[in-house]
Amino acid sequence: VPTDPHPSTPEGAVDAATIGRAKLGDSVAFTRIVEAYYARCIRFARSMLRNPDEAEDMVQDAFVRVYRALPRYEDRQRFESWLFHILANCCRTANKGFRQRDVLSIHDTDLGARLASGDRSDAWMKNEYSDDVRRALAELPDYNREVFLLHYVEEFSYEEMERITGVRKSALKMRVKRASDFLRARLAGGTRDA
Amino acid sequence: VTRETEDQGSVLNQAIDQLRVLPPVDARAVSRIVKAAVEAREMGVDTSVAPYLSAPRSRVAMVSTMLGIAAAAGIAGFIVRGTVSPSSDTFPQIANDAAPAGATMPVAGMGADVRAIPTQFVLKRPDARDVRVIGDFNQWGMQQDAPAARMTRGADGVWTINLPILPGRHTYAFVVDGATVLDPAAPTAEDPDFGGKRSVIIVGKP
């Protein structure tokens, strides 16, 4: 059984005063916010996107939207769940576009091979095992991959995930379970071929 | 040899650990993102049209040139009362008391019949150190030339500001020491784009 997420852990969180200053247009405060969440956003986007090379662009798009919308940000909602709501939307849109282009122009594209190919810029986690994980992850439907990542990697609670995805808790739990079952079986079974 | 079923849980845990590895923070990427975000926030300005007269939810029109004028003039022809009397849960009163002729002001480049109406915002917060008002009329404080309007504290802890606002429906909120606060005396509406509530004011309502 995977370790339980601890959504209350304020790891790398930005305090309310910094968010308040960024809300009023303080770009120094906004820089702190980007610094604090950049790594997590890249991590999520790289795992989420069908084309991981778009991660930088998607994260930039998300932060641009965040800064423009910040004056309307509600303090009741945890900042990072609002940020991931916007980032997840950007990734969903990008994946739709990628799938269409893929169908139109690239036949028989092996997403797994693409992910495992050596020209990725995510060298920070490049090793044989992470390639197995990424290949298995890429086989998941987008919506199952998204909730799996939000829950187990980004450690959001189901309540926050409801706000991020707009999907009900019961459906989210089902998707997380399906994704977990699939990855568990795939990764355990994968050793047979190795 | 295949792994045993009981090991499958740890297989998943390993995968999750792998996926949790964070990339390094790329300082150049961070400054690129901030630059793009700041530029985008400034580019929201479009002074050539006043679209929110016909489409109230658009936030493109600018009345920034009017901010200083109204504050300096202190004209209070139309008054929107905030929390001075919290019991008042009716629509903000746009009291046409002693509105002097010519109290309205033409907005540059918007045609002679479009005039901003001086509107007073009021919020009682004796304990606050900094109170501002943000709304579609000042681009939610996003533009450098139209920053969130800082309100003035009266001796009784009542913060006020006069702003010239174009006629029409507007949404706004107060920012009290960095936290968004709705106007307890105004009706609220759901923000169509980002969720959450906003206070609503209709300026120039007959």
Side-chain angles (χ1 to χ4, degrees), chain A residues 1-3 16-21 23-25 27 30-31 34-35 38-40 42-43 46-47 56 59-61 63-77 82 122 124-125 127 129-130 132-134 136-137 149 152-155 163 180 183-185 187-189 191-192, chain B residues 1-5 7-27 29-41 43-44 130 132 134-135 138-144 146-148 171 173 175 177-181 191 193-198:
Chain A
V1 178
T3 48
T18 303
I19 292 168
R21 285 202 303 278
K23 189 183 265 188
L24 296 171
S27 61
F30 182 65
T31 304
V34 177
E35 283 168 348
Y38 173 84
R40 281 187 62 191
I42 290 286
R43 173 174 72 180
R46 280 208 169 279
S47 296
E56 282 282 348
V59 169
Q60 175 165 324
D61 280 3
F63 275 117
V64 166
R65 290 190 59 191
V66 162
Y67 196 44
R68 295 191 74 179
L70 202 49
R72 289 187 284 165
Y73 160 67
E74 280 294 331
D75 310 80
R76 286 190 300 258
Q77 190 178 1
W82 183 64
D122 56 343
W124 87 88
M125 64 175 305
N127 61 55
Y129 182 67
S130 83
D132 287 344
V133 173
R134 299 198 151 257
L137 202 62
L149 292 170
Y152 281 124
V153 179
E154 302 307 330
E155 301 179 84
R163 283 199 290 273
S180 304
L183 291 177
R184 200 181 286 125
L187 291 169
T191 58
R192 268 177 286 186
Chain B
V1 178
T2 60
R3 296 193 186 193
E4 300 297 325
T5 311
D7 288 339
Q8 289 186 355
S10 70
V11 168
L12 189 57
N13 274 336
Q14 268 183 288
I16 290 166
D17 286 345
Q18 192 73 50
L19 290 167
R20 279 183 186 165
V21 175
L22 281 168
V25 178
D26 179 346
V30 168
S31 36
R32 201 164 52 234
I33 288 168
V34 171
K35 187 167 175 284
V38 168
E39 279 170 7
R41 204 155 151 162
M43 273 167 51
D130 181 84
R132 300 171 193 223
I134 56 173
N138 64 2
Q139 300 292 292
W140 301 91
M142 291 190 293
Q143 259 74 51
Q144 285 187 339
T171 52
V175 182
D177 295 331
T180 308
V181 173
D191 188 307
D193 299 330
F194 296 92
K197 301 268 188 217
R198 295 289 166 253

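Below, chain A is the first sequence line, B the second, and so on; all start at residue 1.
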Visitor: Of the non-hydrogen atoms in B:G178 and A:K23, which two are nearest, and what is the gap between them?
Guide: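 Distance-wise, the nearest heavy atoms are O-NZ, 3.9 Å.
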
Visitor: Any idea which heavy atoms bring A:Q60 and B:A36 closest together, and the distance?
Guide: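 A:Q60 and B:A36 have their closest heavy atoms at NE2-CB, 3.3 Å.
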
Visitor: What I'd like to find out is whether the side chain of A:E56 reaches to under 4.5 Å of the side chain of B:R32, using heavy atoms alone.
Guide: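 In contact.
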
Visitor: Within a strict 4.5 Å, meaning less than it, do heavy atoms of the A:Y73 and B:T180 side chains meet?
Guide: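 Answer no - side chains too far apart.
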
Visitor: Does A:R40 use its side chain to pair, donor to acceptor, with the backbone of B:L22 at less than 3.5 Å?
Guide: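 Checked: no pair found.
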
Visitor: Go through the steps for B:I33 and A:V64 under the test side chain to side chain contact (heavy atoms under 4.5 Å, CB included), then give the verdict.
Guide: CA-CA 7 Å; B:I33 288 168; A:V64 166; 5.7 Å; no

Visitor: For B:A37 versus A:F30, what's the shortest heavy-atom pair and its separation?
Guide: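 In terms of heavy atoms, the two residues are closest at CB-CE2, 3.5 Å.
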
Visitor: Less than 4.5 Å to any heavy atom of chain A: does that hold for the side chain of B:D177, its backbone, both, or neither?
Guide: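 Looking at B:D177, nothing touches chain A.
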
Visitor: If you count heavy-atom pairs under 4.5 Å with chain A, which of B:A29, B:S31, B:A173, B:G135 comes out on top?
Guide: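 With the most close heavy-atom pairs to chain A, the winner is B:A29.
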
Visitor: So, taking the atom named CD in B:Q14 and the one named CG in A:D132, what distance separates them when rounded to the nearest 0.5 Å?
Guide: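 Atom-to-atom, B:Q14:CD and A:D132:CG are 11.0 Å apart.
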
Visitor: Kindly say whether A:L24 contributes a backbone atom to a donor-acceptor pair with the side chain of B:R132 at under 3.5 angstrom?
Guide: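 Absent.
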
Visitor: Quick one, B:L19 and A:L137 - any side-chain contact, counting heavy atoms below 4.5 Å?
Guide: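 Answer yes - side chains close enough.
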
Visitor: Determine the minimum heavy-atom distance between B:V11 and A:A188, stating which atoms define it.
Guide: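 Minimum heavy-atom separation between B:V11 and A:A188: CG1-N, 4.0 Å.
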
Visitor: Check whether A:A39 gets within reach of chain B through its side chain, its backbone, both or neither, counting any heavy atom under 4.5 Å.
Guide: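 For A:A39, the contact with chain B is made by backbone and side chain together.
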
Visitor: Using a distance-only test with no angle check, is there a side-chain donor-acceptor pair under 3.5 angstrom linking B:K35 and A:S27?
Guide: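 No pair is found: no donor N or O on one side chain lies under 3.5 Å from an acceptor on the other.
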
Visitor: Answer with side chain, backbone, both or neither: which region of A:F63 has an atom nearer than 4.5 Å to a non-hydrogen atom of chain B?
Guide: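 Both backbone and side chain of A:F63 come within 4.5 Å of chain B.
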
Visitor: Quick one: do A:E154 and B:R20 satisfy salt bridge (Lys or Arg N to Asp or Glu O under 4.0 Å)? Show the steps, please.
Guide: CA-CA 8 Å; A:E154 302 307 330; B:R20 279 183 186 165; over 6 Å; no

Visitor: Could you give the distance from OG (A:S180) to CD1 (B:I16), rounded to the nearest 0.5 Å?
Guide: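 CD1 of B:I16 is found 6.5 Å from OG of A:S180.
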
